[in-house]
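Notes follow the structure.
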Amino acid sequence: MLDLKFIRENPGIVKQGIKNKKEKDTVDDILNLDKKRREFIHKTEELKSKRNSVSQEIGRLKKAGENADGIIAEMKQVSDEIKELDNQLRNVEEKLNDLLKWVPNLPHKSVPVGFSEEENVEVRKWYPEDYDVNENSEYLDHVELGKKLKILDFERGAKITGSGFPVYTGKGATLERALINFMLNYHLRHHGYTEVFPPFLVNADSMLGTGQLPKMAEDMYHCEKDDLYPVPTAEVPITNLHRNEILAESDLPINYVGYSACFRREAGSYGKESKGFLRVHQFNKVEMVKLVKPETSYDELENIVSHAEDILKELKIPYRVLLLCSGDLSFAAAKCYDIETWSPAENKWLEASSCSNFESFQARRANIRFRNETDKKVNYLHTLNGSGLATSRLMVSILENYQTPEGKVIVPKVLQPYTGFSIIG
RNA sequence: GGAGGGGUGGCAGAGUGGUUGAAUGCGGCGGUCUUGAAAACCGUUGAGGUGUUACAGCCUCCGGGGGUUCGAAUCCCUCCCCCUCCGCCA
């Protein structure tokens, strides 16, 4: 959510930001409602002030045993008027809030303006030593390989649940678990995070807090009976841990890392790119979440990206880092880097991580604040998160890059202590 | 799922219709005293909205929402959460 005052004072900047993000511009409607709102506030508060003082007077009269029927009758009218005005005010505020919830975060000034993914900017690329880009191009893709080695079973996943719910079996299951543990441990030991194991279902307030609702409602699973949402990412429960809290400045930065299964409906995305792991409804992800002081958030964004990159370097998987252009930014993000890993069989880069700075956008929605130690003022903090990383696309790159000419898969060295075996097949 | 109890400021804990945004204690901050610290004493200490150049002023908030009343932390309805006991259960 953007600050209403900021919108009021900088409508031009907000409009431009919305345009650059290809979102719907409701600024004029918002400003109109805001004006109405303040008019109602003015009227209703004037009456309330009167009511308060007269009510006190009534109390005094009654105590003194005097008759107050006249002013009580008068106040009854004032009270009705207040009720009516409050209703109208509530109505206006509801409309205003509905609009505000749909206003996207504004792109940071360092974000290139652009309207398609072609306009994303490649920031850097990394290959393991002696990596030959062409070497593995003849190998089996992860679906065929997974089937042959009996480590992935997409068909039975479809049977027991539905398409897009992969099953890991045998050494595949162990490898997946090893990957998750390796990543968690690495972030804990080398990057100073605190581990969180969150619930996988959250309430609507949490989904609103991080910005999945209302805009992404169609992409979320929803358990209607209990009004709970399976998390699309651990970002949601972890960021919302401190919803409606005022933290001490000395608490910051807070660095959390946590694993969760992630559930996404991916509505309307069938067909293209939906093979195997390329698009699934349930996947595993280790997520880094940071709650930081505003002035540090852009440095922290660079940190979080490098933390994700460290994992790929340890795994020796080729990757590239993209700076997303304004039009490709998610609703809540002010700036975002995607990390894509190389898939030789697909002959393309696959998104395995997304690292974003939300500035105060989520903090304002979720009401997460901190108290400045020097001036004692309360202010919104900045939130960030980054995948560190999602295992599904990463697994594609691992299986394909570590494939031997015989169709076996060597387990990356850093994972071997976790798997207990060094080769699959 | 059933029965009962409870949700008040950073924490503990008063307050059951009329200057109560809220006693008191602890904690925090500032000060006096002290070579320094502790103790003691004094003062101060919630958030949001509106408004203002900035103050002031005004309004709202005692789990959330709604209601009764001239007036609600206090009464009513509803939802949520916590605790105790029973039942069920990985």
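Note that the structure is predicted; figures quoted are calculated from it, not measured. Order of the sequence lines sets the chain letters (A, B, ...), proteins ahead of strands, with each chain counted from 1.
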Q: Look at the rings of A/F197 and A/F200 and say which category their plane angle falls in: under 30° parallel, 30 to 60° tilted, over 60° perpendicular.
A: parallel
Q. If we take the P atom in both B/G65 and B/U8, what is their distance in whole Å?
A. 16 Å
Q: Report yes if the side chains of A/V231 and A/C262 come closer than 4.5 Å at any heavy-atom pair, otherwise no.
A: no
Q | Between B/G49 (C1') and A/F40 (CZ): distance, integer Å | A | 17 Å
Q: Using atom CZ of A/R371 as one end and atom C1' of B/G46 as the other, report the distance to the nearest whole Å.
A: 7 Å
Q) Parallel, tilted or perpendicular: which describes the rings of A/F165 and A/Y221, with under 30° parallel and over 60° perpendicular? A) tilted
Q: Starting from P on B/C29, measure out to CG on A/N372 and report it in whole angstrom.
A: 16 Å
**Q.** Donor-acceptor contact present, side-chain A/K376 to main-chain A/E373, <3.5 Å
**A.** yes
Q) In Watson-Crick or G-U wobble terms, both distances under 3.5 Å, what is the partner of B/U20? A) none
Q | B/C59 to B/C81 separation - P atoms, rounded to the nearest Å | A | 35 Å
Tabulate protein N/O versus nucleotide N/O from nucleotides 51-54 of chain B, keeping only pairs under 3.5 Å, one per line.
unit_1 : atom_1 : unit_2 : atom_2 : d
B/G51  : OP1    : A/R38  : NH1    : 3.4

Q: Report the C-alpha separation of A/E249 and A/K293 in whole Å, then their side-chain angles, then the decisive distance to 0.1 Å, and conclude whether the salt bridge (charged side-chain N to carboxylate O under 4.0 Å, His left out) test is met.
A: CA-CA 8 Å; A/E249 184 177 346; A/K293 290 192 263 180; 3.0 Å; yes
(Q) Please report the distance, rounded to the nearest Å, between NZ in A/K377 and C1' in B/C29. (A) 16 Å
Q: Could you tell me whether the phosphate oxygens of B/G49, OP1 or OP2, come under 4.0 Å of any side-chain nitrogen or oxygen in A/R37?
A: no
Q: Could you measure between the two P atoms, the one in B/A3 and the one in B/C58, and give it in whole Å?
A: 48 Å
Q) When you measure from the centre of the six-membered ring of A/F421, is the NZ or CZ of A/K171 under 6.0 Å away and within 45° of the axis? A) yes
Q. Looking just at side-chain N and O atoms, do A/E359 and A/Y298 make a donor-acceptor pair shorter than 3.5 Å?
A. yes
Q. Under 3.5 Å, is there a donor-acceptor pair between the A/N284 and A/Y259 side chains?
A. yes
Q. For B/A40, which nucleotide is its Watson-Crick or G-U wobble mate, given both distances must be under 3.5 Å?
A. B/U32
Q. How far does the C1' atom of B/U60 sit from the matching atom of B/C11, given to the nearest Å?
A. 25 Å
Q. Expressed as a whole number of Å, how far does the C1' atom of B/G17 sit from that of B/A73?
A. 11 Å
Q: Write down the distance between CG (A/D34) and C1' (B/G49), rounded to a whole number of angstrom.
A: 12 Å
(Q) Say we look at B/G10 and B/G46: how far apart would their C1' atoms be, to the nearest angstrom? (A) 9 Å
Q: Just name whichever nucleotide pairs with B/A72, Watson-Crick or G-U, keeping both distances under 3.5 Å, else none.
A: none
Q: Going 5' to 3' through nucleotides 57-70 of chain B, assign each nucleotide B (protein heavy atom under 4.0 Å from a base atom), S (under 4.0 Å only from sugar-phosphate atoms) or - (no protein heavy atom that close).
A: -BBS-----S-S-B
Q. What is the distance, rounded to the nearest whole Å, between atom CD of A/E9 and atom P of B/U50?
A. 11 Å
Q) Taking atom P of B/A47 as reference, at what distance in whole Å does atom CZ of A/F370 sit? A) 14 Å
Q) Once the angle between the rings of A/F154 and A/F277 is folded into 0 to 90°, is it parallel (under 30°), tilted (30 to 60°) or perpendicular (over 60°)? A) perpendicular
Q.
From CG of A/D226 over to P of B/C79, roughly how many Å is that when rounded to an integer?
A. 15 Å
**Q.** G-U wobble or Watson-Crick pairing nucleotide for B/G1 (cut-off 3.5 Å, both distances)
**A.** B/C86
Q | For A/T26, all residues meeting side chain to side chain donor-acceptor pair (under 3.5 Å), sequence neighbours excluded | A | none
Q: Using the P atoms only, state how far B/G6 lies from B/G63, rounded to an integer number of Å.
A: 14 Å
Q) When you compare B/G66 with B/U74, how far apart are their P atoms, in angstrom units rounded to a whole number? A) 14 Å
Q) Which word best sums up how the rings of A/H242 and A/Y256 line up, parallel for under 30°, tilted for 30 to 60°, or perpendicular for over 60°? A) parallel
Q.
Using Watson-Crick or G-U wobble geometry with both distances under 3.5 Å, which nucleotide pairs with B/G27?
A. B/U45
